[in-house]
Amino acid sequence: MRSLDGKVKKEKENGFARYAWTPHLFCVLICKLPADPFLYKASTHFGWLFFCSPQHVKSEPEDNFYYSPKYEKVITFLPCLPHSVRVSLWEEERYTDGVKWKFLEHKGPVFAPPYEPLPSHVKFYYDGKPMKLSLEAEEVATFFAKMLDHEYTTKDIFRKNFFKDWRKEMTAEEKSKITDLTKCDFTEMSEYFKAQSEARKAMTKEDKQKIKEENERTLQQYGFCIMDNHRERIANFRIEPPGLFRGRGDHPKMGMLKRRIRPEDIIVNCSKDSKHPEPPPGTRWKEVRHDNKVTWLVSWTENIQGSIKYIMLNPSSRIKGEKDWQKYETARRLKKCVDHIRNQYREDWKSKEMRIRQRAVALYFIDKLALRAGNEKEEGETADTVGCCSLRVEHISLYPEKDGQEYVVEFDFLGKDSIRYYNKVPVEKRVFKNLQLFMENKELDDDLFDRLNTSILNKHLQELMDGLTAKVFRTYNASITLQQQLKELTNVEENIPAKILSYNRANRAVAILCNHQRAPPKTFEKSMQNLQSKIDAKRDQLADAKRELKSAKADAKVRKDEKSKKAVETKKKAVQRVEEQLMKLEVQATDREENKQIALGTSKLNYLDPRISVAWCKKWGIPVEKIYNKTQREKFAWAIDMADQDFEF
DNA sequence: ACAGTGACTTAGCATTAGTGTT
DNA sequence: AACACTAATGCTAAGTCACTGT
């Protein structure tokens, strides 16, 4: 390990010292660890380092640092690190050829709590008569009962799938008796669960506190792992509980039983030299493997689609953070060659070869409209959704002229998560002519790009730029749009709330580009009304304040003494304050209204280079907390650390 | 080619936690 | 202290894309 020297600059944060070290190559931030307020963590762009006190910083970081009781002493020492001490930090070892870690230790997953049988007074009725179910059948019945209020329990496919899987869990006797789902009465069970959830809400503070503490203990025990020299947060350390599968949209498998996962289904991944996690007493793991070419800690095969599920690290972890950073660096490389690529595909619209024309038009859509690649899917296994390469003739309509524009393409299809994509776009004449050609002599359910798939497209992209794939365009266009919109919308004159509105509008432009929609929140109208009444109240308050100011002024004119002049000043300030509050509320209302059906979170978390936002915050003196909440700041720690106000995507 | 698999990112909604108000 | 509402977090489905073996 190479040792680096640097200066430590002191800042204050949450009453604890925060030290930033900013050498040429590395930025290091040392911060309080949420898990343990007395231990501090240092970060670099390239990984996470631990260190403890000035005496210890020159020594090598140690494995299992957190388990080492000798560092107890650090506790009182660290928060008062002197100003500008020189510390040594180590460059983290970088891995090559697919190695993701050298050491990995964790406690394994937390299993779903075992089934708790219903109390005897809660009955299931078949054909009007009470019927005691076997434990297995009862458990599956409760899954249905818990969903009774949902619309999808009325759907045919849901009911059919559920009933089929439920019957598999029944005893022979139950099977022969229960033959018709419409004769099943789950209402008593449903009521019982509703009552239970009410009871949970009504729990005393103490009981709630106890549960919270218990959760915290579980988190501390199972929610972290040691990866190389770092204690990292695990994202989803709890195994998914059994239940009824509900896919998104029109899913052919909705209602199927999602099996309970047992230790025997679990593959554990950790390093050979680590303390392996123990399976629960009396059970065993399916397998313990030591594959350091992958990042997951635990995996199992899910029974609905037969796909593999994983337990992986939290976005704040080194392994995820580095990958994220890398993603944006790839998008920035695209920025350098995007003009060339655009010229290229425009040329290709004229190609003699059909496959090249199709590829070029598809790429144009991906670039211009931020469409997803669109892998082909197995029919009947999932909801019928498409992306660019899997578009069918039925998904677009061509209009030589529409609403005063020429060559308009109307898109209407269901994309990822069965979210509808609807858009009318004028395109270039060549694209339009090509589309007509692609659609010639085809049925509605034929592929629009019959000579193209994502594999062909990505192979082509790879040749244009190292690491280029279809999704890089989404990242690139999202980030560049944010940067450009921020430049355009931010007004120097405006105050912080107005600037934040501008930020959200820039963010919104991206969300619209990427088609990130949401169902309007159920409480939307209500909360809008509440805000409006707040605004009205504030207006009244402002009128009052103004009236008072006026009378104070009049008073001062007559009395001409110091005291009344002072009173005028006070009133003036009051008016100003109320005006500002009113303005803030109005901005908030605008923001919320514009955001009714648009989800900003997805783009913020996955598409926008966080350094653009950090730079913007620094440039305009906006606290980064206004843009990123705690979790987001943890995820983007590398960017907060790295970007200065001049950062250009 | 191309089908199948595995690993990983992206996605919206449901639930929970937190905060301000009465 | 109870309540109402908002914001944050948790959950897990559904994508992307590389790789493998044929």
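Protein chains get the first letters and strands the later ones, always in sequence-line order, with residue 1 at the start of each.
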**Request:** May I ask you to say what Gly415(A) touches in the nucleic acid, namely base, sugar-phosphate or nothing, with a heavy-atom cut-off under 4.0 Å?
**Result:** sugar-phosphate

**Message:** Less than 4.0 angstrom between a side-chain N/O of Asn458(A) and OP1 or OP2 of dC17(C), yes or no?
**Reply:** yes

**Asked** Closer than 4.0 Å, any side-chain N/O of Arg592(A) to the OP1 or OP2 of dT6(C)?
**Response** yes

**Message:** Regarding Ala383(A), tell me which of base, sugar-phosphate or nothing describes its non-hydrogen contacts under 4.0 Å with the strands shown.
**Reply:** nothing

**Message:** dA13(C), OP1 or OP2 - any side-chain N/O from Thr382(A) closer than 4.0 Å?
**Reply:** no

**Request:** With heavy atoms under 4.0 Å as the rule, sort Lys253(A) into base, sugar-phosphate or nothing.
**Result:** nothing

**Asked** What does Gly374(A) touch in the nucleic acid at a heavy-atom separation under 4.0 angstrom: a base, only the sugar-phosphate, or nothing?
**Response** sugar-phosphate

**Request:** Using the side chain to side chain donor-acceptor pair (under 3.5 Å) rule, collect all pairs that involve residues 360-376 of chain A, keeping only residues at least two apart or in two chains.
**Result:** Arg342(A)-Asp367(A), Tyr345(A)-Asp367(A), Asp367(A)-Asn477(A), Asn375(A)-Thr454(A)

**Message:** Does dA13(C) have OP1 or OP2 under 4.0 Å away from a side-chain N or O of Lys377(A)?
**Reply:** no

**Request:** Look at all strands and tell whether Pro315(A) reaches a base, only sugar-phosphate, or nothing, counting heavy atoms closer than 4.0 Å.
**Result:** nothing

**Item:** Thr295(A) or Asp417(A), whichever maps to the more 5' nucleotide of DNA chain B
**Value:** Thr295(A)

**Complete:** Ranking dC13(B), dC8(B), dT16(C) by distance to the side chain of Arg518(A), first place goes to dC13(B)

**Request:** Return the value, rounded to whole Å, for the distance between atom CG of Leu608(A) and atom C1' of dA11(B).
**Result:** 15 Å

**Asked** Does a side-chain N or O from His251(A) land closer than 4.0 Å to OP1 or OP2 of dA14(C), or not?
**Response** yes

**Message:** Starting the side chain at C-beta, find the nucleotide from dT12(C), dC8(B), dA14(C) nearest to Glu240(A).
**Reply:** dT12(C)

**Request:** With DNA chain C as reference, determine whether Lys471(A) or Gln632(A) sits nearer its 5' end, using the nearest nucleotide of each.
**Result:** Gln632(A)

**Asked** Nearest nucleotide by nearest heavy atom, which residue falls closer to the 5' end of DNA chain B, Trp296(A) or Lys635(A)?
**Response** Trp296(A)

**Request:** Among the candidates dA11(B), dG10(C), dG15(C), find the nucleotide nearest to the side-chain atoms of Thr385(A).
**Result:** dG15(C)

**Request:** Verify the contact: side-chain N or O of Asn236(A) to OP1 or OP2 of dC11(C), cut-off strictly under 4.0 Å; return yes or no.
**Result:** no

**Asked** Are Thr469(A) and dC17(C) close enough that a side-chain N or O sits under 4.0 Å from OP1 or OP2?
**Response** yes

**Message:** Hydrogens and angles aside, do Glu593(A) and Asn595(A) bring a side-chain donor and acceptor to less than 3.5 Å of each other?
**Reply:** no

**Selected nucleotide, minimal atom distance to Asn606(A) side chain, candidates dC8(B), dA11(B), dG10(C)** = dA11(B)

**Request:** To the nearest Å, give me how far apart CZ (Phe524(A)) and C1' (dG12(B)) are.
**Result:** 17 Å

**Prompt:** With a non-hydrogen cut-off below 4.0 angstrom, is Ile304(A) in contact with a base, only sugar-phosphate, or nothing?
**Reply:** nothing

**Prompt:** Is the gap between the ring centers of Phe144(A) and Phe162(A) under 6.0 Å?
**Reply:** yes

**Item:** Test of ring centre spacing under 6.0 Å for Tyr421(A) and His395(A)
**Value:** no

**Prompt:** With a non-hydrogen cut-off below 4.0 angstrom, is Ala235(A) in contact with a base, only sugar-phosphate, or nothing?
**Reply:** nothing

**Item:** Check: Lys323(A) side chain, dT9(B) base, donor-acceptor under 3.5 Å
**Value:** no

**Complete:** Side-chain atoms of Lys416(A) come closest, of dC17(C), dC8(B), dT10(B), to dT10(B)

**Asked** Is the His251(A) to Phe245(A) ring centre distance short of 6.0 Å?
**Response** yes

**Prompt:** Roughly, in whole Å, what's the span from CG in Leu244(A) to P in dC11(C)?
**Reply:** 18 Å

**Request:** Report yes or no: is the cationic atom of Lys146(A) (NZ for Lys, CZ for Arg) under 6.0 Å from the centre of the six-membered ring of Phe193(A), at an angle within 45° of the ring normal?
**Result:** yes

**Within the 6.0 Å centroid threshold, strictly below: Phe636(A) and Tyr628(A)** = yes

**Short side-chain N/O contact from Arg474(A) to OP1 or OP2 of dC17(C), under 4.0 Å** = no

**Prompt:** Does a nitrogen or oxygen in the side chain of Gln305(A) sit under 4.0 Å from OP1 or OP2 of dA14(C)?
**Reply:** yes

**Asked** Any side-chain donor paired with an acceptor under 3.5 Å for Arg474(A) and Tyr607(A)?
**Response** yes

**Closest-nucleotide 5' rank along DNA chain C - winner of Ile239(A) and Leu468(A)** = Ile239(A)

**OP1 or OP2 of dA11(B) under 4.0 Å from side-chain N/O of Thr602(A)** = no

**Prompt:** Separation of Arg372(A) atom CZ from dT9(B) atom C1', in whole Å?
**Reply:** 11 Å

**Message:** Does Asn629(A) reach a base, just sugar-phosphate, or nothing at all? Heavy atoms under 4.0 Å.
**Reply:** sugar-phosphate

**Message:** Any side-chain N or O of Lys459(A) below 4.0 angstrom from OP1/OP2 of dC17(C)?
**Reply:** no

**OP1 or OP2 of dA13(C) under 4.0 Å from side-chain N/O of Lys309(A)** = yes

**Prompt:** Starting at CD of Glu322(A) and ending at P of dT9(B), how long is that distance when rounded to a whole Å?
**Reply:** 12 Å

**Asked** To the nearest Å, how far apart are Arg246(A) CZ and dC13(B) P?
**Response** 12 Å

**Item:** Under-4.0 Å side-chain N/O to phosphate OP1/OP2 contact, Tyr310(A) with dT12(C)
**Value:** no

**Item:** Distance in angstrom units between Arg633(A) CZ and dA8(C) P, rounded
**Value:** 9 Å

**Message:** How many whole angstroms separate atom CD of Glu381(A) from atom P of dA14(C)?
**Reply:** 12 Å

